[in-house]
Structure formats: structure tokens, C-alpha cells
J.: 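Pasting in a structure now, in C-alpha cells, and then I'll have a few things to ask.
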Amino acid sequence: MSEPQVFAKLLRNCSKNHLLGQGVQVHGAIVKMGFGHDLMLNNDLVDMYGKCGMMEVACDVFDRMLERNVVSWTALMCGHLQNGNARESLSLFSKMGYAEVEPNEFTLSTNLKASGILGIAENGMQIHGVCAKSSFEWMPVVGNSIIDMYSKCGRISDAARMFSIMPVRNVISWNSMIAGYNIEGNGEKALLLFQKMQKNGEVPDEYTYTSMLKACSCLGAVGEGTQLHASLITRGIPYSAQTTVTGALVDLYVKCRHLFEARRVFNQIRQKNVISWSALILGYAQEGNLPEAMYLFRQLRESRYQVDGFALSSLIGVFADFALVEQGKQMHAYTIKIPSGLDISVVNSVLDMYLKCGLTDEAEILFREMEARNVISWTVMITGYGKHGLGKEAVRLFNEMQLDRIEPDGVTYLAVLSACSHSGLIEESQEYFSRFCDSQQSKIKVEHYACMVDLLGRAGRLKEAKDLIQKMPLKPTAGIWQTLLSACRMHGDLDMGREVGEILLRLDGNNPVNYVMLSNLYADSRYWKDSERIRHMVKMKGLKKEAGRSWVEIDKEVHYFYNGDGTHPLTEKIHEVLKEMEKRMKEEIGYVHKVNFSLHDVDEESKEDSLRVHSEKLAIGLALVSGGLKEGERLIRIFKNLRVCGDCHTFIKNLTKVLKIVFVVRDANRFHRFENGLCSCGDYW
DNA sequence: CTAGGGTTAG
């Protein structure tokens with residue numbers, strides 16, 4: 001074997017096993033032996049540095065090359081793609097065109113994938129066009145990538161068309177199509193295609209099983225999932241480390257809430273991989289069993305496996321959901337120390353965590369510092385701003401992202417519409433809504449209409465709101481009628497309210513919320529008998545609301561309160577401080593606690609509860625008592641599982657006048673930032 | 001020499 005061939009072989013080994021140190025040594029030897037300008041070796045070097053995550057060096061090698069062929073270009077593109085920079089791959093693709101180098105099937109496949117990741121259908125279609133012209137379209141590699149691209153861009157029918165006209169299909173074609181249905185959330189179609197695949201004599205591989213397990217977990221179909229599990233066992237694949245199905249298997253049982261079974265599978269895996277670890281950790285965390293989740297996470301950290309971006313982002317997502325600021329911050333600090341902490345999904349989850357915990361400034365700084373932002377990064381920020389009542393900021397970001405050439409998707413539109421709704425930006429949202437209808441008709445969901453109904457309803461344009469529901473091309477859900485009903489109450493429209501209420505009770509008669517809303521509407525107009533009749537129905541049906549619960553984090557410990565809760569050791573002190581606050585508010589600003597607010601308002605709390613003390617007030621009391629306010633800090637964070645009650649809302653607003661403290665309350669719907677007697681929601685929530 | 005399918009975040 002000649003020397004260059006030996007070097008090539010060494011480099012390929014480094015690529016495969018991510019051996020950067022050895023790769024650098026080989027690079028040195030290549031230069032020393034005078035092969036520094038060998039085209040093939042340089043191609044291998046670009047590939048090796050890319051695989052080892054050293055894109056700067058890969059680019060440097062590429063730039064210094066005296067001649068470059070299609071492989072050089074493609075290797076660099078793949079490097080960018082594998083390091084999470086799909087955009088750079090696409091820009092290289094067009095540069096390659098200017099350099100008059102013709103793409104081959106690998107180049108096309110790589111950039112189709114890049115377009116899919118970015119979700120830019122236009123770009124993908126353009127590349128599809130190139131494939132069609134050069135008849136690369138009929139090569140399975142390319143065709144499969146086209147299916148993948150269309151699926152990821154939400155154009156499942158285009159993907160299906162490609163699949164149906166492919167002259168040669170391999171197992172990956174079937175897998176890609178099944179994965180496409182999964183992305184769309186269409187588990188039934190995935191199951192059907194799986195059957196068809198077996199009828200056609202195609203043998204499913206691990207990837208097929210992985211996708212199918214995922215389809216089952218989406219459908220919550222434990223039965224079908226268990227069958228797949230069984231056939232995996234007969235084929236002898238499930239418990240070895242090389243396969244990815246193990247993770248999907250754990251995930252299936254986790255999602256179907258069969259945690260015991262998930263643990264059993266996990267324990268049987270001889271060499272556990274990161275995917276199965278993450279799935280199980282997430283399972284425990286979502287059940288609220290954080291100690292077990294954290295214990296497993298520590299074990300993962302100490303194991304020989306690398307904690308990857310998937311594990312991190314999902315765990316941070318749990319901290320966000322539980323609004324656990326301290327744990328979240330600690331995890332953020334940890335992510336900075338490891339390479340996968342730079343994964344865009346990890347940074348996105350940290351952003352979301354900060355916003356959900358009410359730390360907008362931290363989120364803003366992190367967002368600006370990010371080296372690459374994708375559609376999710378922007379959407380997280382827009383949602384966060386919207387929930388903080390910063391509608392103008394949300395709109396500004398929405399426009400800015402498009403200048404950054406990031407295409408908003410259905411979730412982004414939902415975020416900006418709801419931000420507009422909360423800030424009363426009617427014209428803006430109507431413009432965005434129609435733009436969305438025009439450009440992404442297929443992605444429009446009931447939620448988008450619900451946003452518009454909310455917006456119109458709040459503005460008192462009830463008739464228009466109702467028309468919109470009745471004319472929309474989708475089946476109205478109970479939720480959208482609820483939105484309209486609360487608008488009816490807001491504007492005291494009894495006639496329409498009664499009509500909507502009847503529709504709701506027919507549609508969703510087992511949800512106590514519907515009865516409470518209707519009952520309140522009657523009570524507002526002093527139709528006490530009707531109000532009482534509706535409330536009686538709730539009792540007769542034995543329907544129960546979720547109990548109101550608030551919590552506050554003090555010195556890394558979370559304290560929970562129910563309404564009228566007297567179990568906390570500091571209860572007496574809490575009541576004292578709350579009384580003292582009422583007194584100060586009365587003396588200093590003349591605020592008098594309004595009793596009548598809660599007389600017939602049973603929106604969140606029952607009458608009995610309101611005579612005692614709401615959970616959010618207790619949590620505030622504890623924060624004040626136990627010095628939850630550290631030196632130099634003037635912000636207290638309270639969390640509540642339901643919506644904050646109107647009475648407490650007024651109380652907190654006035655409290656900020658007397659105490660010069662900022663309160664951030666995260667309730668089921670949104671954030672309220674109280675400062676100087678005002679709330680970020682503008683008293684509309 | 002370059003490549004395609006799976007787990008995560010809104």
C-alpha cells in the first residue's frame with residue numbers, strides 16, 4: 001500500500017471513531033511527508049475534522065486546498081450539517097454552483113436533508129427540481145431524501161407522491177415514509193403503511209421498528225406496541241447496545257404511562273444507551289418523581305456514556321414545566337461545561353426554562369448570544385414575551401426573525417397571534433392570520449382560530465367571533481366555544497352566552513369548567529335561579545374541579561400550599577404578615593379588601609375557600625416571612641397550577657405599591673409581572 | 001474519499 005493510502009485509511013478510522021487527537025497527528029504527518037496538497041487526503045481531512053466537531057479546522061483545510069472536487073464540497077457540507085449548521089450547508093451549495101462544480105447524488109441528498117431540517121420547502125423544492133432535471137431523482141438515496149425533506153416541511157402529500165412514483169424502493173424509503181407520517185402525528189397511516197410494507201415482502205429493520213414504536217406511543221396504543229416488542233424479541237434484536245430500538249421501547253412504555261414496564265425493559269438492556277436513559281429519566285420526571293429522575297441523571301453523568309443534547313433538553317424541559325428555577329440554573333451551568341451544551345435544542349430548552357420561570361432578562365441575553373437560532377428559538381421567545389404581556393416585543397421578534405430568513409411555522413403563528421390577543425393588537429393579528437391562511441393553509445389548526453376568536457371576543461366583536469367559528473373549515477372544539485363564552489361574560493352578552501353555553505354542555509357535558517362559566521354568566525346578570533340550577537347540575541353529576549395549588553421556592557426548597565392550607569409550620573406567621581400587609585395597604589393607599597368579588601365568582605375557587613385564604617396569598621406570605629427576598633433582590637416568584645383569582649390579582653397589585661417589590665406570578669395561563677401597582681397583563685387575562 | 005432512516009427543545 002502506498003503512503004497516501006495508509007494515511008487515508010488512518011483518517012477514515014479517526015472519522016468513524018471521532019478520534020480527534022490521532023487525526024491531528026496524522027494531519028501533521030501528511031504535511032511533513034509532503035502530501036499536503038493531495039486532493040483525496042484533504043477530502044478525508046475535511047471529513048475527519050467535521051466528524052470530530054472541529055468545523056473551523058475543516059473550513060481551514062478546505063480553504064487552503066489548491067483544487068477541490070465535488071467530494072470536497074460535499075464533505076464540508078456534511079460537516080456543517082452534522083454540527084447543526086444546515087444553513088451553512090445550503091449556502092455552500094449555492095457557492096459550489098458558482099464554482100461550476102456539478103453536484104452528485106450525495107450533494108443533493110445532503111442539501112435536501114438540510115432544507116428539511118430548516119423546514120424551508122421552497123429551497124427543498126428547488127433542489128428537487130435539480131434532481132429531476134439530472135434524473136438523480138430516481139436514485140433511491142435521493143428519492144428517500146426527497147421524502148424526508150417534504151415530510152419535515154409539513155408537506156406530507158408531496159412526500160407520499162414521491163414515495164408512490166419511486167421506481168426503486170428500499171427499506172429506507174418505507175422507513176422515511178413511516179417517519180413522515182409520524183412527524184404529521186398520523187399514527188394510523190403509519191400502522192397501515194407498515195402492514196403494506198410487510199405485504200410487499202419488505203423486511204422491517206431496527207429503524208422500522210423504532211418508527212413504529214414511536215407511532216404506537218403517539219397513538220397510546222400499548223397493545224400494538226407490545227406486539228412489536230414481542231416480535232423484536234423473537235428476532236433477537238431488542239437488548240443489545242447497537243440498536244436504537246431500545247430507547248423507543250422505553251419511550252413507548254413511558255408515554256403510555258406504564259412506567260413499571262419501562263423500567264423492566266431498561267433493566268434488561270445489557271448495554272444501555274443514552275436514548276433509553278433519557279426516555280426513562282423523562283418518564284420519572286413527568287410523573288413528578290424528580291428524586292428518581294435526578295438520581296438516574298447523576299448515574300448517567302457518572303457512566304461512561306456522554307450526556308447528549310436529547311437527555312439535557314428533555315430534563316431541562318421538565319424543570320421549565322415545574323418552574324424550578326434553581327435546578328434549571330444549575331443545569332444550565334452544567335450544560336456550559338460539556339460539548340452537547342451547545343446543541344441548539346439544549347439552548348432552546350434553557351431559553352424556555354428561563355422564560356417559564358419569569359427570568360426574561362436572562363433569556364434575552366442568552367438569545368442574543370446564541371450563535372445559531374432556529375424557528376424554535378424564535379418561537380420560544382415570542383411565546384415567552386406574549387405570556388409576559390409584552391405583545392409589542394413579540395411582534396418585533398416575529399418581524400425580526402423573517403429578516404433573519406427564518407420561516408415561521410404553525411406554532412410560531414400561534415405564539416404571535418396569542419401575544420397580539422393578550423396585548424389587544426387587533427390589526428396586526430388580523431394581518432398575520434390572513435398571511436398564515438394564504439401561505440400555510442394545511443398547517444392551520446383550531447387553535448389558530450381560537451386565538452382570533454379570543455381577540456375579537458375581548459374587543460367585544462362577539463358576532464364576528466361567532467361567525468368565524470361557524471365558518472371555519474375545521475370542526476369546532478369545546479375549547480373554542482369556551483373562549484367565546486368567556487368573551488360573552490366579559491361583555492355581559494347574556495343572549496349569546498346562553499346559546500353558546502348550551503352548545504358547550506352538549507359538546508362537553510362532563511367538564512365542570514363549562515358549568516361554572518355558564519353559572520357565572522347568569523349570576524353576573526342576577527339570574528340567581530339559573531345560576532344555582534347550573535351549579536346544582538355539577539353536584540348531581542359529581543363533577544370535581546382540580547384543587548387550586550400554589551408554590552414558592554425558598555432557598556432551593558419548594559413549598560406547596562392548597563387553599564386555606566394550615567399545614568405549613570409557619571402558618572401563624574404567614575397570617576400575621578398578610579394581616580399586617582392589609583393594614584398597611586389600608587393606611588397608606590386606602591385599599592380595602594373587596595369581599596363581594598368572591599361572592600359569586602367560583603371561577604377557580606369555591607365560596608368556602610375564598611372565606612379562608614387562597615393558596616397564592618399563602619405562598620406570598622411565606623416568601624415575605626422567611627426572607628425569600630435576599631439582600632439586594634426585589635423580586636418574588638409565585639407559581640399556581642390554576643389561574644390566579646381576580647381578588648388576589650388586585651391584592652398583589654396594591655401590595656407592589658406599598659412594598660416596592662416586583663412579583664412574578666406564573667399561573668396556568670400566563671405570567672403576571674406586578675410592579676408599581678400595575679400588572680403586565682393589563683388586568684385582562 | 002462524500003450519503004440517506006431513529007430519540008430532544010416551541
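So you know, we letter chains A, B, ... as the sequences are listed, proteins then strands, and number each from 1. A quick note: this is a predicted structure, and the numbers were derived from the prediction, not measured.
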J.: In whole angstroms, how far is the P atom of B:dA9 from the CD1 atom of A:Ile344?
T.: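 Rounded to whole Å, this separation is 14 Å.
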J.: Quick one: does A:Asn43 reach the base of B:dC1 with a side-chain donor-acceptor pair under 3.5 Å?
T.: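 Pair found.
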J.: Tell whether A:Asn175 reaches the base of B:dG6 with its side chain through a donor-acceptor pair below 3.5 angstrom.
T.: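 No pair found.
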J.: So, is A:Lys51 near the phosphate of B:dA3, with a side-chain N or O under 4.0 Å from OP1 or OP2?
T.: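 Indeed, a polar side-chain atom of A:Lys51 lies that close.
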J.: Of all the choices, B:dT8, B:dG4, B:dT2, which nucleotide is nearest to the side chain of A:Asp47 once you look at every atom?
T.: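 Among B:dT8, B:dG4, B:dT2, the one nearest the side chain of A:Asp47 is B:dT2.
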J.: For A:Asp343, answer base if it contacts any base atom (sugar-phosphate contacts may also be present), sugar-phosphate if it contacts only those atoms, and nothing otherwise; contact means non-hydrogen atoms under 4.0 Å.
T.: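 Nothing, no nucleic acid heavy atom in range.
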J.: Let's see if you can work this out: which of B:dC1, B:dA9, B:dG10 has an atom nearest to the side-chain heavy atoms of A:Val380?
T.: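 Side chain of A:Val380 sits closest to B:dG10.
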J.: Ignoring the backbone of A:Lys152, work out which of B:dG4, B:dT2, B:dG6 is nearest its side chain.
T.: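 For the A:Lys152 side chain, the nearest candidate turns out to be B:dG6.
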J.: Can you confirm if the aromatic rings of A:Trp277 and A:Phe297 lie within a centre distance of less than 6.0 Å?
T.: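 For A:Phe297 and A:Trp277, the ring centres are not under 6.0 Å apart.
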J.: Base, sugar-phosphate, or nothing for A:Asn170, non-hydrogen atoms under 4.0 angstrom?
T.: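 Base contact.
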J.: Can you measure from NZ (A:Lys196) to CD1 (A:Ile178) and round to the nearest 0.5 angstrom?
T.: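 One finds 11.0 Å between NZ of A:Lys196 and CD1 of A:Ile178.
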J.: Under 4.0 Å, counting only non-hydrogen atoms across every strand here, what does A:Asn42 touch: a base, just sugar-phosphate, or nothing?
T.: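 Nothing, no heavy atom under 4.0 Å.
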J.: Using whole Å, report how far CZ of A:Phe367 lies from C1' of B:dA9.
T.: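 Nearest whole value for this atom pair: 14 Å.
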J.: Look at all strands and tell whether A:Thr412 reaches a base, only sugar-phosphate, or nothing, counting heavy atoms closer than 4.0 Å.
T.: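 The answer is base, as A:Thr412 lies within the cut-off (heavy atoms under 4.0 Å) of a base atom.
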J.: Which whole-number value in Å describes the distance from A:Tyr181 OH to B:dG6 P?
T.: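 In whole Å, B:dG6 P lies 15 Å from A:Tyr181 OH.
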J.: Taking the side chain from A:Asn170 and the backbone from A:Ile172, do they hold a donor-acceptor pair closer than 3.5 Å?
T.: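 Flag set: sc A:Asn170 to bb A:Ile172 pair under 3.5 Å.
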J.: When you get a sec, tell me which of B:dA3, B:dG4, B:dG10 is the closest nucleotide to the side chain of A:Ser145?
T.: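 The nucleotide sitting nearest to the side chain is B:dG4.
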J.: Determine: side-chain N/O of A:Lys214 to OP1/OP2 of B:dT8, distance under 4.0 Å, yes or no.
T.: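 The answer is yes; a side-chain N or O of A:Lys214 sits under 4.0 Å from OP1 or OP2.
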J.: For B:dT8, does the base pair up with any side-chain atom of A:Ser345 as donor and acceptor (N or O, under 3.5 Å, distance only)?
T.: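 Yes, a donor-acceptor pair under 3.5 Å.
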J.: Roughly how far, to the nearest 0.5 Å, is CG of A:Leu112 from CG of A:Asn123?
T.: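 Going from the CG atom of A:Asn123 to the CG atom of A:Leu112 covers 9.5 Å.
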J.: Rounding to an integer number of Å, can you tell me how far A:Met370 CE sits from B:dG10 C1'?
T.: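 Taking atom C1' of B:dG10 as the reference, CE of A:Met370 is at 12 Å.
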J.: Rounded to whole angstroms, how far apart are OH on A:Tyr354 and P on B:dG10?
T.: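 Those two atoms, OH and P, are 17 Å apart.
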J.: For a quick check, tell me whether the side chain of A:Ser109 and the base of B:dG4 share a donor-acceptor pair closer than 3.5 Å.
T.: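 Donor-acceptor pair under 3.5 Å: no.
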J.: Hey, is the main chain of A:Gly50 close enough, under 3.5 Å, to the side chain of A:Asn83 for a donor-acceptor pair?
T.: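 Between the backbone of A:Gly50 and the side chain of A:Asn83 there is a qualifying donor-acceptor contact (under 3.5 Å).
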J.: Against the six-membered ring of A:Tyr334, is A:Arg301 placed for a cation-pi contact (under 6.0 Å from the centre, within 45° of the normal)?
T.: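 Yes, A:Arg301 and A:Tyr334 form such a contact.
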J.: Base, sugar-phosphate alone, or nothing: which one does A:Ala179 contact when heavy atoms must sit under 4.0 Å apart?
T.: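 Since only primed, P, OP1 and OP2 atoms lie under 4.0 Å of A:Ala179, the category is sugar-phosphate.
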J.: By nearest atom, which of the nucleotides B:dT2, B:dG6, B:dT8 is closest to the A:Ser313 side chain?
T.: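 The answer is B:dT8.
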J.: Please work out if A:Val141 contacts a base, only the sugar-phosphate, or nothing of the nucleic acid, heavy-atom cut-off 4.0 Å.
T.: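 Answer is base: heavy atoms of A:Val141 come under 4.0 Å of a base.
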J.: B:dC1 P sits how many Å from A:Glu105 CD, rounded?
T.: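 Between P of B:dC1 and CD of A:Glu105: 13 Å.
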J.: Measuring from the side chain of A:Asn69 (C-beta onward, heavy atoms only), which nucleotide among B:dG10, B:dA3, B:dC1 has the closest atom?
T.: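 Per side-chain heavy atoms of A:Asn69, the pick is B:dC1.
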J.: Output yes when at least one side-chain N/O atom of A:Gln82 is less than 4.0 Å from OP1 or OP2 of B:dA3, else no.
T.: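 Checking A:Gln82 against B:dA3: at least one side-chain N or O falls below 4.0 Å of OP1 or OP2.
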J.: In whole angstrom, what separates A:Met401's CE from B:dG10's C1'?
T.: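 It works out to 11 Å between those atoms.
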J.: Just to be sure I understand the rule, does A:Ser278 reach a base, reach only the sugar-phosphate, or reach nothing, if contact means heavy atoms closer than 4.0 Å?
T.: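 Touches nothing.
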J.: So what does A:Asn144 touch, heavy atoms closer than 4.0 Å: a base, only the sugar-phosphate, or nothing?
T.: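 Touches a base.
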J.: Could you state the CZ-P distance from A:Phe310 to B:dG10, rounded to the nearest angstrom?
T.: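 Value for this atom pair: 14 Å.
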J.: In terms of side-chain heavy atoms of A:Val71, which of B:dC1, B:dA3, B:dT8 is nearest?
T.: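 Looking only at side-chain atoms, A:Val71 lies closest to B:dC1.
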J.: What distance do A:Asn348 atom CG and A:Ile316 atom CD1 have between them, rounded to the nearest 0.5 Å?
T.: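 One gets 10.5 Å once the value is rounded to the nearest 0.5 Å.
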